Each structure stands twice: as structure tokens, then as C-alpha cells.
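Note that this is a predicted model, so its numbers are computed, not measured.
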Amino acid sequence: MGVGATMQSLAEILSSDSGSLVLGLAALVAMAAPFVDRYFIRRRRLAFRVLYNSKIGLSPIDLHDGENGSAQADPQLERTARLLSRMSVVVIRIRNTGGFDIAPGDFEIPLSFTFGSRIVWDARVSDATDDGLRRHVREGLEFFTRETPQPVESAKLSRVRALLPKRLAGVPAPEAPEWHGVRLARLSLKRQEKFKLVVVLREPGDGDGEISKEIDHHARLAAGRIKDERKQRRITWPIVTTAVGVLLTGALLATLLVSWSRPGGSAQCAAGKLSVEGSSAFVPIMDGIAAEYHAQCDDAAITTRATGSVTGVRALAPLDAAGKDGLAVLSDGRSGEAGPDLEAKAVAVVVYSLVVNRAAGVDRLTTQQVKDIFSGRVRNWDQLRPGPSVPIGIVGRGQESGTRKTFEQKVLGGAEDRLTSDSCRRPERDPAAATTRCERGTTAEVLTEVAAVPGAIGYADVPAAKTAASRNPQVGVVQLDGRYPDVTAIDGGYRFWTVEYLYTKGVPDGESVLKRFLDYLASPAARAELQDAGYTPCVAKDGLLDPLCTRADS
């Protein structure tokens with residue numbers, strides 16, 4: 001969409017009956033956005049500031065006696081001094097600046113710090129709000145190398161401290177690994193709690209050059225934000241949005257008389273009925289968008305029904321010209337049932353996740369392990385991790401499910417095993433079967449069953465999975481091949497995702513509810529609904545398709 005078209009659309013809005021309402025809502029949203037973000041959307045806030053990042057400062061030349069440095073210091077002392085000449089200290093203050101407590105489970109990715117090429121020698125916790133917090137942070141402090149960044153490979157503070165005398169004595173690796181990062185595992189902070197992390201580092205090599213200053217952090221906080229206070233700007237987005245709100249309020253006052261005096265209607269509205277059917281994973285969000293559309297267009301009646309992607313497309317194919325504009329079908333990925341007379345509109349990127357009952361005792365799996373589970377080669381969780389015996393129960397979807405089709409194509413590389421169970425607890429249909437596999441008709445039913453059956457495993461779209469996990473502690477979201485299920489992980493190789501399509505029988509009539517609703521799906525309001533629900537809209541603000549939505553489903 002060009003600048004001219006954008007300005008024309010803006011002029012039409014301001015000159016219509018709804019112009020004042022649009023400006024009023026925009027002003028309200030702009031001024032309320034910082035408060036909504038702080039207290040409802042990103043409630044949890046963690047801030048850190050690098051207070052000190054400098055060389056220790058001792059040089060070997062300081063150990064020489066006399067003006068010409070002819071008297072030499074003790075060799076051991078000089079070796080230590082040379083070592084310290086390449087060492088630096090970093091002090092980082094970490095504090096909870098929000099109005100809510102932060103628990104370990106609120107971190108999707110734990111907070112960690114790396115220091116460029118510098119090697120971590122030791123770390124301490126100081127100036128904590130109380131002794132209990134200091135002990136808590138110390139117990140969760142972990143160290144990792146550049147080659148083995150996962151927590152399972154990390155070293156505890158006690159191990160690093162035990163290696164310190166060997167380092168000072170010059171003992172080489174592997175007894176003294178080169179730690180490049182510090183991780184704050186299982187970190188929890190009550191409101192206004194704070195502490196300082198003191199890290200001793202050494203620059204590699206034996207030269208006398210400058211000590212590097214590089215510091216990076218990596219973390220993700222659910223329903224929250226992590227802020228580097230060094231990068232805080234004087235002109236922040238809350239100030240900007242408030243100023244925009246004031247400007248919009250002025251524009252509203254300037255256009256009130258015009259908007260009151262002009263009649264008009266909504267150009268995107270049409271009268272009639274439309275049924276949207278198909279994917280049980282996506283129908284709930286489409287129901288919300290349809291409700292918003294109906295709120296603007298009273299004469300449009302839109303109903304939704306979860307029938308499954310395959311069943312929905314099959315119902316669309318035989319429609320004649322008289323009924324084709326009364327039905328649209330949602331499909332997880334492109335449908336193999338769609339003939340040449342069906343038109344597909346890309347709606348959103350859908351990322352899926354494997355989900356397990358917490359009794360399984362795992363939070364990450366590899367693709368090969370998933371294949372082994374669904375083929376029956378692995379039947380008990382104790383085959384994949386140390387711990388108690390917990391039989392695996394597979395909760396799958398039926399043949400009509402587009403989610404199942406995506407799972408088979410993207411993860412299994414083949415079809416799921418046959419139905420062997422009704423209870424999901426034992427293979428009562430075939431006691432000799434290699435798997436205990438039941439099927440449920442909707443995503444919500446799969447998540448309910450996973451929560452109820454110890455050791456169960458299933459799959460669902462990420463927004464539904466996260467909602468289920470937040471409401472029921474028995475549901476756990478699983479990483480796949482070390483990648484957290486998120487749209488940002490797709491470019492890194494996360495494979496369990498697809499594009500949601502809305503199928504129609506041919507091109508809808510220009511005055512039909514179907515045509516107007518399709519146009520509405522590209523509107524800012526519909527995009528906002530999709531984003532709020534956890535999906536990435538295919539139509540971007542500029543009217544172009546998101547690059548992910550242009551990829552072939554493969």
C-alpha cells in the first residue's frame with residue numbers, strides 16, 4: 001500500500017460518521033497503552049544495569065624494586081601479577097522493577113550474561129535485599145562454555161570456586177574449563193527485590209593490550225520485559241504514545257462538527273449469512289474476529305463451527321453457484337482435498353507445540369525421540385530420562401485434523417499409528433499393540449486429556465498450549481530439538497508450524513458478506529486480534545504477505 005492510498009484511506013475515515021469515534025478511540029488507546037502494557041500485558045519487569053566493567057589494574061612492573069627495575073620479584077608472585085593484569089571485574093545490578101513478583105516459571109529463557117572473549121573465573125552475589133535472596137541466587141548460579149550452553153552441561157558455583165586455586169597455579173584445561181557465561185537459573189524476585197552480580201573475568205592471551213568491555217544478555221520473560229537500564233532513552237514510547245494521544249484528541253476536537261454533520265455508512269459491511277468452518281485449532285480466534293465484524297455490521301450474521309480441516313474442505317467442494325458465498329473453510333496448511341475451483345487465502349502463521357503431562361518428567365525432546373514414541377519403540381518415559389517408570393499414552397487427532405496432518409508431515413515424516421485406545425491409559429482395543437494411542441476431536445479435548453492422563457503426550461497450537469499450561473500445572477510445553485516453540489524460532493530450524501488458509505469456492509461476489517469479511521481479515525483490527533491471540537498475521541501493515549506465508553508447505 002503506497003503513501004497516496006494510505007492518505008486517501010485516512011481522509012475517508014476522518015470524513016465519515018465514524019471519524020470522531022476512530023480518533024477518540026485512538027487517543028484513548030494511545031494514552032492508555034503504557035498503563036495497559038505495564039499492568040496487564042507485560043506485568044513482570046526485570047531491569048539490570050552494568051555498574052562497573054573495568055580492568056583490575058595490577059601490572060607486573062609494579063613488583064620490581066628500584067628505579068631501573070633491576071630487582072626482580074618472586075617468580076610465583078610475578079606470574080600471579082601477569083595473570084591479574086589481564087583480569088577485569090564486572091558488577092551488574094539486577095532488580096524487579098515491576099508491580100508483580102517474578103517466579104522461576106515466568107522465565108521462558110533464563111537470564112544469562114556472556115562477556116565476549118573474556119573467560120569467567122569466579123562470581124559472587126552481593127548487596128542482596130536479604131540473606132535469603134543471596135542464598136537463592138547463589139544456589140541457582142550456573143556457568144557454561146561457548147560450546148556447551150545448555151543448562152545440563154553447566155557448572156555450579158561450587159565447582160568453579162574449587163577450580164580457582166588450580167587456575168592461579170596455572171593448571172591447564174580440561175581440569176579448568178573456560179567458562180564464557182553466567183546463568184541465573186531458577187531466579188525468583190519479589191517486588192522491589194534486588195542484588196548485585198559480581199563477575200571476575202580474564203582476557204585470553206598474555207599480551208598487555210586493552211581489556212574488552214563487551215557484555216551481552218539473553219533471556220525471555222513470559223508476560224513481561226527485561227530492560228537494560230544503560231539503554232534507557234529520555235524519549236520513551238510511553239511519552240511518545242501519550243503525546244500522540246494528545247495530538248489525536250486535538251484532531252478529534254477539530255473534526256467533531258464535520259463528523260456530526262455528514263451521513264454515511266460502513267463501506268466494508270454487507271448483509272447476509274456466512275458460515276466459517278474447519279480447523280478446530282483456529283476456529284476460536286476466527287469466532288472472535290467474526291464477532292468484532294458483526295459489532296460493526298449488524299446485518300451480517302457469521303457463525304463458526306469446528307469440523308476439522310479435511311472435513312471442512314470436503315463440504316466446500318460440492319457447493320453450487322447459489323451457495324458458494326455462504327461458506328468459508330479454515331485449513332491448517334494447504335489442503336490436499338482442494339480442487340482447482342477452490343481459492344486459498346493465507347490468514348496467519350500457526351506454530352504448534354508438543355505437550356506432555358508433567359508426570360512424564362521431560363520438557364524437551366528431539367525429533368528422533370518423538371518418532372520413537374509415536375512408533376512404539378519407546379513406551380515408557382524412563383527410557384528417555386532417569387526416574388520412575390511412567391507409561392506413555394499418546395493423545396492424537398483424527399484423520400479430519402489439519403493439525404495431525406502438519407504433525408505427520410513436519411515431525412514424524414509419516415503417518416501416526418492406528419487407534420488402539422479409548423481411555424488413553426491402556427490399549428484396550430488391542431492389548432498387544434506397540435502404542436497406547438487414543439484420538440480426540442478437537443484441540444481443547446486433546447489438552448484436557450493430556451492434563452488428565454499421567455505420562456500423556458499430544459500436540460496443539462502454541463496459543464492453546466500456553467493457555468492450557470497457564471491454567472493447569474499438569475500441562476507442560478515441550479521444546480523440540482532444543483528450540484522453544486515460537487515463531488521467532490522458525491528461521492533457526494523449528495519445524496512444527498504451518499500457514500492457516502481460508503478456502504472459498506471460487507472468487508466471492510463483490511457485495512457478499514464473504515467478500516467483505518475477507519477484506520476485513522486484512523484490516524488493522526483483525527491483525528490486532530490475531531496478534532493478541534498469539535498468531536502472526538499473513539497480511540502485514542503494508543498490505544504485503546509476511547515472508548513466512550510465502551514459503552511452500554514442505
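Considering only heavy atoms from C-beta on, Val349 comes within 4.5 Å of Trp497 through its side chain. Glu500 has its side chain out of reach of Met286: every pair of non-hydrogen atoms, C-beta onward, lies at least 4.5 Å apart. Residues Thr436 and Arg425 are not in side-chain contact: their nearest non-hydrogen atoms beyond the backbone lie 4.5 Å or more apart. Side-chain atoms of Leu530 and Thr536, non-hydrogen and from C-beta on, never get closer than 4.5 Å to each other.
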List the steps, then state whether side chain to side chain contact (heavy atoms under 4.5 Å, CB included) holds for Asp461 with Tyr535. CA-CA 10 Å; Asp461 59 290; Tyr535 300 97; 2.8 Å; yes

Chi angles and distances behind the side chain to side chain contact (heavy atoms under 4.5 Å, CB included) call for Val370, Leu480: CA-CA 9 Å; Val370 175; Leu480 183 61; 4.1 Å; yes

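Panel note: side chain Arg483, backbone Gly492; a donor-acceptor pair is recorded below 3.5 Å. Arg45 places no side-chain N or O within donor-acceptor distance of the main-chain N or O of Ile226, the cut-off being under 3.5 Å. Under a 3.5 Å cut-off, the side chain of Asp363 and the backbone N or O of Val478 do not form any donor-acceptor pair. With Asn380 contributing its side chain and Val390 its backbone, the two residues share a donor-acceptor pair below 3.5 Å. Here the side chain of His217 pairs no donor or acceptor atom with the backbone of Lys227 at under 3.5 angstrom. Checking side-chain atoms of Glu193 against main-chain N and O of Lys190 turns up a donor-acceptor pair under 3.5 Å. One N or O on the side chain of Ser309 and one on the backbone of Asp332 form a donor-acceptor pair closer than 3.5 Å. Looking only at distances, no side-chain donor or acceptor of Asn472 sits under 3.5 Å from a matching main-chain atom of Ala469. The main-chain N or O of Pro508 is never found under 3.5 Å from a side-chain atom of Ser512 such that the two would form a donor-acceptor pair. In this structure a side-chain-to-backbone donor-acceptor pair under 3.5 Å is missing from Glu400 to Thr307.
Salt-bridge check for Lys324 with Asp320: failed, with every basic side-chain N at 4.0 Å or more from each acidic carboxylate O. Between Glu139 and Arg186 there is no salt bridge, since none of the side-chain N atoms of the basic residue sits less than 4.0 Å from a carboxylate O of the acidic one. At a threshold of 4.0 Å, the pair Glu445-Arg440 does not count as salt-bridged, since none of the basic side-chain nitrogens sits closer than that to a carboxylate oxygen. Using a 4.0 Å cut-off between charged nitrogen and carboxylate oxygen, Asp106 and Arg44 count as a salt-bridge pair. Salt-bridge formation is detected for the pair Arg429/Asp422: a Lys NZ or Arg NE/NH1/NH2 atom is positioned less than 4.0 Å from an Asp or Glu carboxylate oxygen. Ion pairing between a basic and an acidic side chain is recognised when a charged N comes within 4.0 Å of a carboxylate O; Glu439 and Arg404 show such pairing.
The structure places CG of Leu46 at 11.0 Å from CG of Asp228, a figure rounded to the nearest 0.5 Å. Distance check, rounded to the nearest 0.5 Å: OG1 of Thr498 to CZ of Phe282 gives 11.5 Å. A distance of 9.0 Å separates CD in Gln383 from CD1 in Ile373, rounded to the nearest 0.5 Å. Note that OH of Tyr501 is 9.0 Å distant from OG of Ser331, once rounded to the nearest 0.5 Å. Residue Ile394 holds its CD1 atom at 7.5 Å from OG1 of Thr420, rounded to the nearest 0.5 Å.
Taking the ring centroids of Phe48 and Phe113, they lie under the 6.0 Å cut-off. No close placement of the Tyr459 and Tyr352 rings is indicated, their centers lying 6.0 Å or farther apart.
A side-chain donor-acceptor contact under 3.5 Å links Thr435 and Asp417. Counted by atom type alone, Arg397 and Ser280 present one or more donor-acceptor pairs between their side chains at under 3.5 Å.
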